[in-house]
Amino acid sequence: MTRCSSTSRIPSLLYRSSLALLTDLYELTMACGYWKSGAAEREAAFHLLFRHHPFRGGFTVACGLAYAIDWLSHLHFDDDDLAYLGSLTGEDSRPLFEGEFLDELRRMEFCCDVDAIPEGTVVFPQEPLVRVQGPICQAQLIESALLNFINFQTLIATKAARVCLATQGEPVLEFGLRRAHGIDGALAATRASFVGGCEATSNVLAGRWFGIPVRGTHAHSWIMSFGSELASFRAYAEAMPNNCVFLVDTYDTLKGVHHAVEVGRWLRSQGHRLLGIRLDSGDLAYLSIEARKILDEAGFHDAFIVASNDLDERLIASLKQQQATVGVWGVGTHLVTAFDEPALGGVYKLSAMRDAGGWRRCVKLSEQSSKSSTPGVLQVRRYERDGQCIGDMIYDVELGCGDSGWIVDPHDDTRRKRVAPEARHEDLLVPIFRKGKLVYDQPDLPAVRDRTREQLDRFSASVKRFDNPHQYPAGLEPRLHDLRKQLILEARGF
C-alpha cells in the first residue's frame with residue numbers, strides 16, 4: 001500500500017485540482033476593489049494569530065501548516081472557478097466581477113513571502129503563527145483558507161496533547177471518525193491528533209493518506225450476532241488470531257473478561273496471544289481494577305486493558321487518580337470535535353503597508369483591548385535556560401530585539417519580565433515561501449509528532465496543568481510596545 005507523507009498534496013488530491021474558491025466572498029470583493037483602485041500590487045504584511053488558549057489551558061500546539069503549504073503550492077483559478085465567479089451578480093442583477101478582473105485571477109501566480117512557526121511548536125496568544133508579505137491582493141485572498149487550516153488543526157492538536165498528558169505516557173488511540181465533522185474534518189482531526197501525541201487511529205483512510213498506524217477489532221454488533229458472547233469471541237479468534245482485543249461489556253463486563261480469558265488460553269495453544277480487552281461503559285475505574293485481577297490470576301499479565309466511552313483529559317485524569325488499571329485509552333468524540341471548545345479564535349490581521357519611505361505600521365482598534373492588533377512585521381524570539389523555556393518576545397524585524405531583555409504584557413504594561421539578552425534563544429517563524437516558491441523542507445509526520453513531545457518537555461508542569469495554569473511570559477519587545485501604544489493613541493485622536 002502506498003503511503004503519503006505530510007508533504008503530499010493533502011486537500012487538493014482529496015477533492016479536485018483547484019481549491020482556489022476555498023475562501024469567503026469578501027476576500028474576492030476586496031481583491032477586486034484593490035485591483036480597481038490600482039492598489040493590488042502594494043506590498044502588505046499580515047499575521048495569523050489567536051488571542052486566547054483553548055480549553056482554559058496554558059499552552060497551544062501549532063498545527064495545520066502542511067495543509068496550508070499544499071494549498072498555496074497549487075493555488076490557481078481554473079476555468080470552472082472563473083465561470084462560477086462570472087455568474088455571481090450584485091443587487092442590480094449585473095455581474096459582481098468584471099471580466100478583466102477575472103482575467104487577472106486567471107493569470108495570477110502566487111508570489112508572496114510566507115514565514116510560519118513549524119507544526120508541533122508550543123505557542124501562545126498574540127504570537128504570529130504565520131506571517132505573509134506580498135501584494136495585498138494576494139495576501140488578502142489567502143486569509144480564509146489559512147485560518148481554516150491552522151485554526152482547526154491547532155485546536156485538535158492541542159486537545160490531543162492535553163489528553164496525552166493526562167494518560168501520563170500511556171498510549172492514546174484516536175477513535176473519532178464516526179463523530180467527526182465530515183470527511184475533511186475527520187481526516188484533518190486524525191492528522192492533528194497524531195501531531196498532538198496519539199499513537200494510532202481507527203480511521204483507515206487517514207492511515208493510508210498520512211501513514212498513521214491503524215487499530216481496531218470488533219463492535220458490540222459482532223457479539224450480538226452470535227448465540228453467545230463466548231461463541232463470538234471464539235469465532236473472532238479463529239478469524240483474526242493476530243488481532244484479538246475483545247470488547248467485554250455487551251452483557252456482563254466481568255463475565256466477559258472471563259470469556260476473554262477462556263479464548264485467550266485457546267489462542268495461546270495455537271501460538272498466538274490475547275492482546276487485551278476493551279471496556280466501553282460502566283465504572284471504568286472499578287471495572288478495570290477487577291478485570292486486571294482476573295487477567296493476572298489467569299496468567300495474562302501482558303494483556304492490556306483499553307478504555308473508551310466519551311473520554312477526555314479531565315475524565316482520564318480522574319480515572320488515573322482512582323488507580324484505574326487502564327493501559328490504552330481510546331478517545332473519540334471529545335477529541336476530534338474539541339467538544340468543550342469547538343473553535344480556536346484565530347484571526348488574520350493587516351499590520352503594515354510598504355510606502356515609498358518604507359513600512360507604514362497599521363493598527364486595528366477595538367473596544368476590547370485584547371482585540372487591538374500589534375503593528376509591524378513581526379517575529380517571535382523564544383528564550384530558554386537549562387533546557388527550559390523562560391519567555392517569548394514578539395518583536396518588529398526592523399526595530400529588532402534591543403538589549404533591554406524586557407518582555408511587556410500586551411494587555412498590561414505593568415506586567416513585565418526580564419530575560420538576559422545573552423540567554424540562549426531561537427526565532428520561531430521560519431521561511432516557508434519566498435516570492436511564491438516553496439523553500440521549506442517539510443518534516444514527515446512522525447517528526448512533527450516528536451517535536452510536539454520535545455516542545456512540551458521544555459515547559460514547566462505549571463504551564464501544562466489543566467486547572468489555573470501558570471501564565472507563561474509571552475509579550476512585546478518594549479519599543480514595539482511603545483509604538484503600538486503610540487499608534488493606538490494617535491488613532492483615537494490623542
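Keep in mind that what you see is a predicted model, and the values were worked out from it rather than measured.
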Does the side chain of [X] come under 3.5 Å of the side chain of [Y] through a donor N or O and an acceptor N or O?
X: Q270; Y: R268; result: no
X: Q153; Y: R191; result: yes
X: Q455; Y: T121; result: no
X: H76; Y: D81; result: no
X: E174; Y: T201; result: yes

Problem set entry | Residue pair K320, E170: steps toward the salt bridge (Lys or Arg N to Asp or Glu O under 4.0 Å) verdict | CA-CA 11 Å; K320 296 288 288 184; E170 292 165 347; 3.0 Å; yes
Once rounded to the nearest 0.5 Å, what's the spacing between atom [atom1] of [X] and atom [atom2] of [Y]?
X: Q140; Y: L28; atom1: CD; atom2: CG; answer: 10.0 Å
X: L230; Y: E262; atom1: CG; atom2: CD; answer: 4.5 Å
X: D450; Y: T452; atom1: CG; atom2: OG1; answer: 8.5 Å
X: D340; Y: R314; atom1: CG; atom2: CZ; answer: 7.5 Å
X: T250; Y: I223; atom1: OG1; atom2: CD1; answer: 3.0 Å
X: L429; Y: L378; atom1: CG; atom2: CG; answer: 8.5 Å

What heavy-atom pair brings [X] and [Y] nearest, and what distance separates the two atoms?
X: N242; Y: L275; value: O-CD1, 4.1 Å
X: L65; Y: A116; value: CD1-CB, 3.7 Å
X: G176; Y: V336; value: O-CG2, 3.4 Å
X: E341; Y: R56; value: OE1-N, 4.1 Å
X: V122; Y: R382; value: O-NH2, 2.6 Å
X: H218; Y: V245; value: NE2-O, 3.8 Å

Does a sphere of radius 6.0 Å around [atom1] in [X] hold more than 12 heavy atoms from other residues, nucleotides or ligands, not counting ones at 6.0 Å or beyond?
X: R179; atom1: CZ; answer: no
X: Y251; atom1: OH; answer: yes
X: F226; atom1: CZ; answer: yes
X: R178; atom1: CZ; answer: no
X: R458; atom1: CZ; answer: yes
X: N468; atom1: CG; answer: no

Counting only N and O atoms by type, is there a donor-acceptor contact under 3.5 Å from the side chain of [X] to the main-chain atoms of [Y]?
X: E313; Y: R162; answer: no
X: T154; Y: C63; answer: yes
X: D24; Y: Y26; answer: no
X: D249; Y: S281; answer: yes
X: Y472; Y: G391; answer: yes
X: T60; Y: F124; answer: no
X: W71; Y: L19; answer: yes
X: N151; Y: G346; answer: yes
X: S288; Y: T325; answer: yes
X: Q126; Y: L49; answer: no

Exercise. For F55, is the NZ or CZ atom of K159 found under 6.0 angstrom from the centre of its six-membered ring and inside 45 degrees of the ring axis?
Worked result: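 Cation-pi check for K159 and F55: passes.
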Exercise. Are F110 and F433 an aromatic pair by the rule of ring centers under 6.0 Å?
Worked result: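 Yes.
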Taking the side chain as C-beta and beyond, is there a heavy-atom pair between [X] and [Y] under 4.5 Å?
X: V123; Y: L129; answer: yes
X: I432; Y: D113; answer: no
X: F304; Y: L295; answer: no
X: K464; Y: F59; answer: yes
X: L445; Y: F194; answer: yes
X: V248; Y: R278; answer: no
X: D115; Y: V430; answer: no
X: V380; Y: D427; answer: no

For this session: Show your reasoning for whether side-chain contact (heavy atoms from CB on, under 4.5 Å) applies to V331 and L173.
Result: CA-CA 6 Å; V331 186; L173 312 179; over 6 Å; no
Problem set entry | Trace of the side-chain contact (heavy atoms from CB on, under 4.5 Å) decision for Y236 with V263 | CA-CA 10 Å; Y236 192 84; V263 177; over 6 Å; no
Exercise. Can we say E454 and R451 salt-bridge, meaning some charged N sits less than 4.0 Å from an Asp/Glu carboxylate O?
Worked result: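 Between R451 and E454 there is no salt bridge, as every charged N stays at least 4.0 Å from the carboxylate O atoms.
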For this session: Check step by step if side-chain contact (heavy atoms from CB on, under 4.5 Å) holds for D280 and L247.
Result: CA-CA 8 Å; D280 191 47; L247 181 58; 3.9 Å; yes
Problem set entry | Partner of F233 under ring pair (Phe, Tyr, Trp, His ring centres under 6.0 Å), chosen from W266, F246, W222 |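 By the ring pair (Phe, Tyr, Trp, His ring centres under 6.0 Å) criterion, F233 pairs with just one of W266, F246, W222: F246.
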Problem set entry | Residues C198, L335; criterion side-chain contact (heavy atoms from CB on, under 4.5 Å); working and verdict | CA-CA 10 Å; C198 292; L335 172 54; 3.9 Å; yes
For this session: Carefully, step by step, assess R381 and D392 under the rule salt bridge (Lys or Arg N to Asp or Glu O under 4.0 Å).
Result: CA-CA 6 Å; R381 178 160 293 185; D392 289 5; over 6 Å; no
Exercise. Given the rule in the salt bridge (Lys or Arg N to Asp or Glu O under 4.0 Å) test, do R453 and D457 qualify, once you have shown the distances and angles that lead to the verdict?
Worked result: CA-CA 6 Å; R453 184 184 298 112; D457 287 344; over 6 Å; no
